[in-house]
Structure formats: structure tokens, C-alpha cells
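Input: a single structure, listed below in C-alpha cells.
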Number of protein chains: 2
Amino acid sequence: MRHRRKLLAEAQARGIRLTSQRRALIETIEDAPRHLDAAALLAEARKRDPDIDRATVYRTIDLLKKQGLIDELDLMHVEGEKHYYEVRSSRDHIHLTCVECGAVKEFTSPLFERLKEEIARQNRFDIKVIRLEVGGRCSRCAGEHKAESERSHAARA
Amino acid sequence: MRHRRKLLAEAQARGIRLTSQRRALIETIEDAPRHLDAAALLAEARKRDPDIDRATVYRTIDLLKKQGLIDELDLMHVEGEKHYYEVRSSRDHIHLTCVECGAVKEFTSPLFERLKEEIARQNRFDIKVIRLEVGGRCSRCAGEHKAESERSHAARA
DNA sequence: GTATTTGCAAAAGCTTTGCTGCAAC
DNA sequence: GTTGCAGCAAAGCTTTTGCAAATAC
């Protein structure tokens with residue numbers, strides 16, 4: 001176990017009915033070393049409970065999203081139109097997705113916090129969700145094959 | 001005509017073959033008073049050229065996106081999984097979408113520009129696209145029906 | 001004249017839904 | 001015991017693709 005089950009505890013605290021499927025899904029999201037889309041989440045969760053259905057995955061995602069317990073990402077649609085999920089943390093972070101190699105890096109900054117405050121204050125806008133996603137070329141890809149962006153496509157497959 | 005055809009001119013400058021369909025689509029995006037999704041763009045563009053096909057819309061969007069001439073938005077998926085498009089402007093802006101009434105407000109800030117610089121510098125990341133989307137409650141909805149968030153759902157239908 | 005683009009129609013990909021039986025409290 | 005949830009399968013919505021005919025330069 002990589003950390004204590006914050007998400008699970010929080011779900012429980014909110015009075016969410018904890019079925020065995022939800023438990024498996026929540027634990028899967030919490031333990032995932034990378035961002036999972038619905039299909040990947042289903043596959044991973046089935047290792048804990050083989051009978052989980054796709055519909056349950058989507059319904060649980062929806063529930064957790066509405067409760068503000070998880071956030072939804074696109075990762076700039078670098079690999080299709082899927083959505084990815086992660087536990088919402090107290091400090092929002094930025095996702096940098098490399099359009100060449102697909103690597104995702106997270107980044108936090110006090111400047112981002114300040115910007116959030118400014119957005120809320122100047123627009124009198126009550127922020128519920130915020131998502132800052134960046135697409136571009138990571139330092140590794142920029143360094144390795146400067147003029148040769150084709151190969152990386154094959155490398156991702 | 002609301003402004004001069006910047007997008008059209010830019011497309012031409014890049015050597016994009018300007019077919020009549022592309023012209024109609026580009027002009028439609030440029031003149032739209034709101035953010036259009038693919039279906040709405042198709043419907044609007046057909047007023048200029050009734051024979052335009054859905055496939056052409058998607059192919060043109062793809063082309064313009066790859067050229068960095070338009071940006072793609074989700075508007076926090078407040079109305080389903082569509083994507084919305086807008087002309088890319090020199091100054092990136094933030095989209096605030098009200099989850100109650102669906103209103104979209106744009107916002108720019110020097111702080112956002114500074115944050116972009118910081119992201120690029122600290123991660124040695126070559127930013128190609130950046131998208132900051134915010135979901136929450138706009139001041140109008142907060143003021144009008146503070147404790148009664150149910151009705152607005154019906155109002156949007 | 002030649003390379004690109006279009007329209008059409010079919011399919012693909014991701015997500016949602018109705019309904020019956022089952023599980024949590 | 002009651003209320004809400006899960007599984008199944010089918011449909012929904014948005015987007016993509018193959019191919020022959022049409023179009024731009």
C-alpha cells in the first residue's frame with residue numbers, strides 16, 4: 001500500500017454507500033501510479049474484483065466527480081478522446097503533456113494559486129473545478145531528436 | 001462583417017489550400033458570437049454553403065488545430081462531451097463556465113502570462129497549446145438563487 | 001494535368017441508460 | 001425489510017475513415 005486511503009476515507013465521511021465495487025474502484029484510483037482512463041481503471045479494478053462492470057466504473061466516476069473527490073483530465077487528447085482521473089488534492093496542479101512521447105508531468109506553483117484567487121475575486125466566480133493543461137514538447141524530446149519528430153510516433157506504439 | 005478576416009488571411013499565408021468549404025468554415029468560426037461545437041459549426045457553415053459535410057468539418061478543424069490557428073475547448077463538459085473551437089489569439093485566455101446556467105466568460109491576466117513563462121522555464125517545456133478552464137458558479141447564479149440550485153437545471157433544458 | 005479535397009456512408013470509440021435481480025444498511 | 005446499486009446488453013453521441021468523384025492550382 002503506497003499511502004493511507006484518503007479517498008476511501010473521504011468517501012465514507014460523506015456518507016457514500018461503500019459497496020465492494022466502489023471500494024475496489026476507489027482503491028484502484030488511489031494506488032494507480034499513472035493517470036487511468038475508464039477502460040484502464042476497469043481493467044485494473046478487475047484485478048481486485050473480477051466481476052466489475054463498465055457501467056459501474058462510469059457511474060462511480062460520475063459520483064466521485066460530483067462529490068469533488070476526483071478530477072477529470074484530457075491530457076490534451078494526445079492519445080484519443082478519453083478522459084483520465086486522479087484524486088483531487090488540496091493543491092491544484094498543472095499537467096504538462098508531451099505531444100511527442102506522451103509523458104505527463106505535474107507542476108505546482110504559488111503563481112497558480114495566486115491566479116486562482118484573482119480569477120475568483122475579479123469575476124466573483126465561485127470556482128468548483130479548475131483545470132490547467134499544457135501540450136508541447138518536453139525537454140527530453142527537444143534534446144534527443146530535434147528535427148526528427150517522426151520516430152517518436154512509432155516509439156509510442 | 002464583424003472584423004477583418006484574420007484567420008482566413010493567416011490560413012492563406014500558410015499555404016493552406018483555400019477551398020470554398022474551408023472558406024465557409026473559417027469564416028463561420030471567425031464570425032461566431034459564441035463558441036461552436038462541430039455540429040453547430042456544420043449547421044452555421046451550411047448557411048453559407050449548404051453542401052458542406054460533417055467529415056469536411058472535422059477534417060478542417062483538424063487542419064486548423066494542427067496549424068495552431070484554432071484552439072479546442074471543453075467548457076468543462078457542462079453540456080456533454082463536445083468540443084468547442086475558437087480562433088487562437090495572441091493572448092491566451094481563461095474560460096470560466098458556469099455549471100448552473102452554462103454562461104461562458106473569458107478572462108485574461110498578466111498573472112497568467114507570467115505563469116506560462118514559469119511553466120516553460122522551470123520545466124524546460126516548449127508550450128504548444130495551453131488551456132485553462134474553470135467550472136463553478138457565476139456571480140449571477142450565486143446572487144439569484146443561493147440555496148436553490150435545482151431549478152437552474154430545469155431552466156437549462 | 002495532377003495532387004488534394006470532398007461527399008457519402010459506414011464504422012469506430014467512448015459513454016450512457018433501462019431494466020431486473022442483488023446487496024448494503 | 002427497504003432503498004439504492006450492480007450487471008447486462010443495447011443504444012447514444014461524437015468523431016473517424018475508405019473510396020470514388022469533384023475541385024483547386
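These numbers were taken from a predicted model, which means no experiment stands behind them. A, B, ... follow the sequence lines: proteins, then strands. Residue 1 opens every chain. Worth knowing before you read on, the calculation uses all heavy atoms, side chains too, and leaves out hydrogens, waters and symmetry mates.
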Inset, instruction - Rounding to 10 degrees, work out the angle separating the end axes of the helix from C:dG1-D:dC25 to C:dC25-D:dG1 (five pairs an end). - result: 50°
Inset, instruction - Give, ordered by number, those residues of residues 58-75 of chain A having at least one heavy-atom distance below 4.0 Å to an atom of DNA chain C; if nothing qualifies, reply none. - result: A:Y58, A:R59
Inset, instruction - For DNA chain C, determine which residues of residues 36-55 of chain B have any heavy atom closer than 4.0 angstrom to one of its atoms, and list them numerically. - result: B:D51, B:I52, B:D53, B:A55
Inset, instruction - Using heavy atoms and a sub-4.0 Å distance, could you list which residues of residues 14-28 of chain A are near DNA chain D? By number, please. - result: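 A:R17, A:T19, A:Q21, A:R22 - these, ordered by number, are the residues of the stretch whose heavy atoms sit under 4.0 Å from the strand.
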Return the set of residues passing side-chain contact (heavy atoms from CB on, under 4.5 Å) with [X] (not counting sequence neighbours), or none when no residue passes.
X	answer
B:R54	B:L42, B:Y58
B:T108	B:R91, B:H93
A:R59	A:A55
B:E27	B:R5, B:L8, B:R23, B:R48

Legend entry - Heavy-atom pair with the smallest gap, counting every atom of B:D49 and B:S20: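 Taking every non-hydrogen atom into account, OD2-OG, 3.9 Å.
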Inset, instruction - Using the rule that two of Ile, Leu, Val, Met, Phe, Trp, Tyr join whenever any of their side-chain heavy atoms come within less than 4.5 Å, decide whether B:V104 and A:V129 are in one cluster. - result: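 Not linked; separate clusters.
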Inset, instruction - Find out if a path of hydrophobic residues (ILVMFWY) with successive side-chain heavy-atom gaps under 4.5 Å connects B:V99 to A:I130. - result: no
Legend entry - Covered region of DNA chain D, 5' end to 3' end, by chain A [heavy atoms, under 4.0 Å]: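 Answer, 5' to 3': D:dT3 to D:dC8.
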Inset, instruction - Give the C-alpha distance, both sets of side-chain angles, the deciding distance and a yes or no for side chain to side chain contact (heavy atoms under 4.5 Å, CB included) between A:Q21 and A:T60. - result: CA-CA 9 Å; A:Q21 295 86 342; A:T60 303; over 6 Å; no
Keeping to residues at least two apart or across chains, list the salt bridge (Lys or Arg N to Asp or Glu O under 4.0 Å) pairs with something in [range].
range	answer
residues 32-47 of chain A	A:D37-A:K82, A:E44-A:K47
residues 115-125 of chain A	A:D92-A:K116, A:E113-A:K116
residues 69-78 of chain A	A:K65-A:E72, A:D71-A:R88, A:D74-A:R131, A:D74-B:R131

Legend entry - Within-4.5 Å side-chain heavy-atom neighbours: B:L115 and B:L132: no
Legend entry - Side-chain donor-acceptor pair present, B:E86, B:H35, cut-off under 3.5 Å: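 Yes, because at least one side-chain N or O of B:E86 sits under 3.5 Å from a partner of the opposite role on B:H35.
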Legend entry - Spacing of CG belonging to B:L96 relative to CD belonging to B:E133, to within rounding of 0.5 Å: 10.0 Å
Inset, instruction - Evaluate side chain to side chain contact (heavy atoms under 4.5 Å, CB included) for A:H83 paired with A:I61, printing each intermediate quantity in order. - result: CA-CA 11 Å; A:H83 295 119; A:I61 286 172; over 6 Å; no
